[in-house]
Amino acid sequence: MSTQTIRPARTLQGSLTLPGDKSISHRYAMLAGIAEGTTRLSNFSTGADPHSSLACMQALGATVVHKEDRTIEITGTAGSFRQPAAPLDCGNSGSTMRMLAGLIAPHPHTFTLIGDHSLTNRPMERIRKPLSQMGAKIDLIDGHAPVTIHGGTLHAIDFDTPIPSAQVKTAVLFAGLQADGTTSLTESIRTRDHSEHALRAFGATLTRDGEKLSIPGHQTLKAIDATVPGDISSAAFFLCAALLFPDSNLVLDGIGMNPTRASLFDVITALGGKIKVLNVEEQYGELIGTIQVNASPNGLRGMHIEGALAAQLIDELPVLAAIAPYTSDGITIRDAKELRVKESDRIALVAKNLRAMGATFTEHEDGLVIPGKQQLHGAQIDSGSDHRIAMAFSIAALRATGDTEIHGAESAAISFPEFFKHLEDLCQR
Ligand code: S3P
């Protein structure tokens, strides 16, 4: 385990182009693996998680070539995965395990999906339920991995998602793409729609009628040539850091601005930050732009994050909680129980680390109420080997008094290996 020391900063200045979005990289990698032809993906995520998806695609028969400069070429299996020789190792990646389950379940093989200690503790019943309704036989151990899938012909279902989860939605869409009949899915809360865009990019037909998505089965996909937009959830750490210093100036180039991910921009504005969109373009349904962010000279206000907003900001909540004590009115986070079953129990770990830095707050089963006007002090941070906890508290440390030590800092590499280097480059002390 490595420890990173974070010293307080005076301000944050500079510009950055972020590595490719983790969510989009997973989807492009998986669909490229089943498509016909060679897909070329520029600015692929450098995080370990999407590389777990790539390794699984290789084990299933796709060819993956790493080119220079974050470019990956994937030659797909044209619709037929092979029986892998060994269990498919999903590493730390819930996205890999859940979305891949849907993609492979229609294939006539037996697959075993395994993961690390954290992933083995995460709930998998949520994908077993719809996929077994479609006809797959799936074995779990007490609701958890290893996931054993006895695949074969699946039939369409009409599914209402009980929890807001883009991973579960994707598992159903990926299975529906290859099933008999037209599969429909209705979301209680609309989650990130990268799978819908990615499926269309690879040539699939998919329709939306109000909240209902429908995907006809037995479709074939064709390779694409695409650039993965910069990861807005990785950008979130620097955006929040910029908010902490009145004279900060941060420009982010090539960043993904998909509206189902961009609630963060509304939050930044609500907190008092200023965002300028300098340009925006579209590629395969995804928006990519350049933004400039400055903090308000009057400091940060506070806000309530609950309901659909909590679901849409789920990956950004740890860093928003970590900067909450520095706001004037505090930040309340509710309806975010899903945080307890992420790479760690993120509510418990945020609470533990806020407490270590001297904050007072109230912990709830589904969130945290964190008052503002609190000065944090440097502390020993337990990342729990969770990338977003390690990065979130590195940001809190920038405005603390004294140095902070982040234990398990290497976990940042799950989504953003360059994080600490960029943080050093942007911070002025
Ligand atoms: C993701 C969906 C979210 C998110 C995760 C990535 C995705 O998980 O937390 O980091 O790429 O679809 P859930 O589907 O469990 O909400």
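Atoms within a ligand are numbered from 1 in the order they appear, just like the ligands themselves. In this text, all values refer to a predicted model and were calculated from it rather than measured experimentally.
- With contacts defined as side-chain heavy-atom distances shorter than 4.5 Å, the pair Thr63/Gln58 does not qualify.
- In this structure the side chain of Ile347 reaches within 4.5 angstrom of the side chain of Leu368, judged on heavy atoms.
- Shortest contact from atom 12 (O) of ligand 1 to any protein heavy atom: Arg27 NH2, 2.6 Å.
- Residue-ligand proximity: His26 is placed with every non-hydrogen atom at 4.0 Å or more from ligand 1.
- At least one heavy atom of Arg98 lies less than 4.0 angstrom from ligand 1.
- Per-residue contacts place Ile314 under 4.0 angstrom from the following atoms of ligand 1 (heavy atoms of the residue considered): 9 (O).
- Here Glu316 does not pair with Arg346 in a salt bridge; the nearest charged N to carboxylate O distance is not below 4.0 Å.
- Of all protein heavy atoms, the one lying nearest to atom 10 (O) of ligand 1 is Asp315 OD2, 2.8 Å.
- Of the polar atoms of Ala166, at least one N or O is found under 3.5 Å from an N or O of ligand 1, judged by distance alone.
- Residue Gln167 places at least one N or O, backbone or side chain, under 3.5 Å from an N or O of ligand 1.
- A 4.5 Å side-chain heavy-atom check between Asp382 and His407 finds every atom pair outside the cut-off.
- Protein heavy atom nearest atom 16 (O) of ligand 1, with residue, atom name and distance: Lys342 NZ, 3.3 Å.
- Residue Thr170 places every heavy atom at 4.0 Å or more from ligand 1.
- Across Met99, Arg98, His194, a single residue satisfies side chain to side chain contact (heavy atoms under 4.5 Å, CB included) together with Thr170, and that is Met99.
- For ligand 1 and Ser165, the ligand atoms under 4.0 Å from any heavy atom of the residue are 13 (P), 14 (O), 15 (O), 16 (O).
- In this structure the side chain of Lys22 never reaches within 4.5 angstrom of the side chain of Ser233, judged on heavy atoms.
- Annotation for ligand 1: atoms under 4.0 Å from non-hydrogen atoms of Ser23 are 6 (C), 7 (C), 11 (O).
- In this structure, Phe202 and Ile34 have side chains that are not in contact, with every pair of non-hydrogen atoms separated by 4.5 Å or more.
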For residues 206-216, which side-chain donor-acceptor pairs fall under 3.5 Å, sequence neighbours excluded?
unit_1, atom_1, unit_2, atom_2, d
Arg208, NH1, Gly210, O, 3.2
Glu211, OE2, Arg190, NH2, 3.1
Ser214, OG, Ser184, OG, 3.3

